Amino acid sequence: MRWSRYFWHTSKEDPADAEAPSHRLLLKGGFIKQVSAGVYELTPPGVRVLRKVEQVVRKEMDRSGAQEVLLTVLNPGELWKETGRWDLYGRELFTLKDRNGREYCLGPTHEEEITDLVRSYVSSYRQLPLLLYQIQVKFRDEKRPRFGLIRGREFIMKDAYSFDQDELSALLSYENMKFAYERIFKKLRISTLMVEASVGAIGGVSSHEFVTLTPYGEARVAHCPNCGYAGNAEVVKLPRAQEREEEPKPLTEVETPGTDTIEKLSSFLGVSADRIVKAVLYLVEGTEPVMFLIRGDRTVDESKVEAVLKTENFRLAEDREVWELLRTRKGFIGPFNLPPSVKLYWDNSTYGLKNVVIAFNRPDYHYINANPGRDYQQERFVDVCQVEEGDPCPKCGAPLKIDRGLELGHIFLLGTRYSEPMKALYRDPEGRERPIFMGCYGIGISRCISAVVEQYHDEKGIKWPTPVAPFELDLICVNPTDPQQKEVADRLYLLAQQTGIETIYDDRDESPGFKFADADLCGFPYRLVVGKKVKEGKVELQDRHRGERTDLDIDTALEHLKTLIEKDKS
RNA sequence: CGGGGUGUAGCUCAGGUGGCAGAGCGUUGGCUUUGGGAGCCAAAGGUCGCAGGUUCAAGUCCUGCCACCCCGACCA
């Protein structure tokens, strides 16, 4: 490709609206162009990268026995009503009507459609197992799109679905996908962690996320440097604390005016936060009050609350509701003299505490030296505590590390969540009708492009790994008005194409510095500079990853380069 | 959905107290230059986010709306 004729436009200025390195560099490097919030166009070089990522994924999916389909973007509303998700999915669903008033949505994921497809052809155990996938654009009306391709409202995803007779067989499909995913991320050169993930309200059997560690991720990932365990922070179990050895002191009421936060209370009384018991009041379905007691230095993880309450329909009580229910204010809520309607849960962190500070629903007062058994009864211990750095690993007990992670892949054993309501049934060998056991497996393709850039860049630009680079080689002619340089560069360009090296030939009438800067920004793994040294029969090879420059003989340069590229791709 | 910020040339931005719409980069034409985003000369390029209001006069002040970015909440 001759750059002078190629639709590729980089920018000298940093884009104003981009924070994350991947967002900034993809915009500046002219790979993507924003259309609206979370909606991006890909330019020709952007598409080249996308296709390469897709090809890696496609190859590994095919290898693991999956068959490619192409489902539709436009999904009829009826299918979504069959599973109840038309309403459950909420405002994240882009919906529209056709001229006759029929309802559709733009597919945010395709369980309904794939289940509909499979149920119309599969009716016997002889047709199972089955593994189908597609690479398709998805639409989600995200509350907050951000960081370029990292979280878009329109994005490309690979989604696969497995169909099995029973859970055991489905587990094999699941393991098969797990291995495929490990191969895929290895080939994309993205380092990922496989973490245990939430099975969510649907009640799946097993779920894992493949995350890459970056500050621009949305997930908190807990991982153990000692044993290698990794989990999404919201699923990492925290056990009960050690019982403290202390003599109980007499219970005392103390006036604590205006101490409506743990910090204020802690400094007012001169008591550390881990000796305070904090009460948090939630309303389930907007009406049922539920109180969680947790140690003062910890915070409630609402994903864990969701798991305890088995619903996502809950929220913190408002000031007015706290007053109406308990005749107190926030900061002075406690587990004493509660109306019978209030359900009480104790977080594991409150186990074994002695001589604690705790509120008793009287504004501006706290108890000090309260003790379990004597002053309050603890029943119903649960784990709703947000995991923090240093908490014990659930596998080996060593201190955990916490980092932010970007979810690139998610594999999920669904069970019969879709097959049952949608009547995707098959007959087993005994002739009984049974629901198909399903799994689903996603990879955010667009997001992977960002993840690669996050992992491979410097202050000058992107450093594409060869397997996903838009071009493997950037051929630069320093001075095209020098006939000898031009002749050598033209010849090398033709030869590179014959050798099967994906080459962009920077034949633009620009200054050398301009071309070098673009080369750094656009991130080609290799650059061949045709300049002054042609007089000595040499061209210069520059390696973007290692930063090395080597002079090569004109005649053997491409052979040498071909070897390097093949090595990178293997 | 709550909080904060921004909106002026293709891009990055400047335009106290209201008074002729600006710069750098990019673009076009010309000359020079050729190993790290070149130099000189000339030119084109604007619904100052949109609508309304105050005023002799609004990019600037007021009201409403919209878009985009960031933080939080949310997140198969």
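Everything quoted here is computed from the prediction, not taken from an experiment. Just so we're on the same page: letters track the sequence lines, and every chain starts at 1.
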Describe the nucleic acid contact of D518(A) in one word from base, sugar-phosphate, nothing, applying a heavy-atom distance below 4.0 Å. base
Mind checking if G531(A) touches a base, just sugar-phosphate, or nothing, with heavy atoms under 4.0 Å? base
Give me the distance, rounded to whole Å, that separates G36(B) from A73(B) when you measure between the C1' atoms they each carry. 46 Å
Should G45(B) form a Watson-Crick or G-U wobble pair with both distances under 3.5 Å, which nucleotide is its partner? none
Side chain of E13(A): nearest nucleotide among C13(B), C69(B), C11(B)? C11(B)
How many Å lie between NZ on K486(A) and C1' on U34(B), as a whole number? 15 Å
Interatomic distance, F147(A) CZ vs C75(B) P [rounded to whole Å]: 18 Å
Calculate the interatomic distance between R140(A) atom CZ and C74(B) atom P; express it in whole Å. 17 Å
Could E175(A) and K178(A) be called an ion pair, given the rule that one side-chain N must be under 4.0 Å from one carboxylate O? yes
Side chain R151(A) and base C75(B) donor-acceptor under 3.5 Å: yes
Please determine if D141(A) and R91(A) form a salt bridge, counting it only when a charged side-chain N lies under 4.0 Å from a carboxylate O. no
How long is the line joining CD of Q386(A) and C1' of A73(B), in whole Å? 13 Å
Side chains of Y505(A) and D474(A): donor-acceptor distance under 3.5 Å anywhere? no
Using the C1' atom in both, what is the distance from A9(B) to C13(B), to the nearest Å? 11 Å
Applying the 3.5 Å cut-off to both distances, the Watson-Crick or G-U partner of C31(B) turns out to be G39(B)
Assign each of E19(A) and V529(A) the nucleotide of RNA chain B bearing its closest heavy atom; nearer the 5' end lies the nucleotide of V529(A)
Write down the distance separating the P atoms in A57(B) and C20(B), rounded off to the nearest Å. 15 Å
Does the side chain of T72(A) pick up a donor-acceptor pair with the side chain of E113(A) at under 3.5 Å? yes
Is R144(A) close enough to C71(B) that one of its side-chain N or O atoms is under 4.0 Å from OP1 or OP2 there? yes
May I have the distance from D17(A) (atom CG) to C13(B) (atom P), rounded to whole angstrom? 8 Å
In whole Å, what is the span from the CG atom of N232(A) to the P atom of C75(B)? 12 Å
Is the shortest side-chain N to carboxylate O distance from E112(A) to R85(A) below 4.0 Å? yes
K28(A) side-chain proximity, nearest of U34(B), G37(B), U12(B): G37(B)
Whom does C13(B) pair with, Watson-Crick or G-U wobble, provided both distances fall under 3.5 Å? G22(B)
Should G7(B) form a Watson-Crick or G-U wobble pair with both distances under 3.5 Å, which nucleotide is its partner? C66(B)
Identify which nucleotide among A38(B), A73(B), G35(B) has an atom closest to any side-chain atom of F516(A), counting heavy atoms from C-beta outward. G35(B)
Gap in Å between the two C1' atoms, one belonging to G37(B) and one to C11(B), rounded: 14 Å
Would you say the side chain of E510(A) and the base of G37(B) hold a donor-acceptor pair, judged only by whether the two atoms sit under 3.5 Å apart? no
Presence of R91(A) side-chain N/O under 4.0 Å of C74(B) phosphate oxygens OP1/OP2: no
Is there a side-chain polar atom (N or O) of R146(A) under 4.0 Å from OP1 or OP2 of C71(B)? yes
Take the protein atom CD of E196(A) and the nucleotide atom P of A76(B), then report the distance between them rounded to whole Å. 17 Å
Rounded distance (Å) that lies between atom C1' of A76(B) and atom CE of M438(A): 13 Å
Across the strands shown, which category fits E234(A) at heavy-atom distances under 4.0 angstrom: base, sugar-phosphate, nothing? nothing
Using Watson-Crick or G-U wobble geometry with both distances below 3.5 Å, tell me the partner of C1(B), or none. G72(B)
Quantified in whole Å, what is the C1' atom distance between nucleotide G4(B) and nucleotide C62(B)? 22 Å
So which atom in V387(A) and which in A222(A) form the shortest heavy-atom distance, rounded to 0.1 Å? CG1-CB, 4.4 Å
Counting the atoms with a prime plus P, OP1 and OP2 as sugar-phosphate, which does E302(A) contact under 4.0 Å by heavy atoms, base, sugar-phosphate, or nothing? sugar-phosphate
Counting only side-chain heavy atoms from C-beta out, which of G35(B), C68(B), G37(B) sits nearest to R153(A)? C68(B)
P atom, G10(B) versus U6(B): distance in rounded Å? 22 Å
Is R24(A) salt-bridged to E19(A), going by a charged N under 4.0 Å from an acidic O? no
Between A23(B) and A43(B) - P atom distance, rounded Å: 12 Å
Sugar-phosphate only, base, or nothing, as touched by Q34(A) at under 4.0 Å among non-hydrogen atoms: sugar-phosphate
Considering every strand and a 4.0 Å limit on heavy-atom distances, what is the contact class for Y89(A): base, sugar-phosphate, or nothing? nothing
Side-chain donor-acceptor pair under 3.5 Å between N176(A) and Y174(A), yes or no? no
For T481(A), which contact category applies under a 4.0 Å heavy-atom criterion: base, sugar-phosphate, or nothing? base
Want to settle it: does D509(A) or H23(A) sit nearer the 5' end of RNA chain B, counting the closest nucleotide to each? D509(A)
How is I476(A) classified with respect to the nucleic acid when contacts are heavy atoms under 4.0 Å: base, sugar-phosphate, or nothing? nothing
In whole Å, measure the gap between the C1' atoms of C75(B) and G7(B) for me. 29 Å
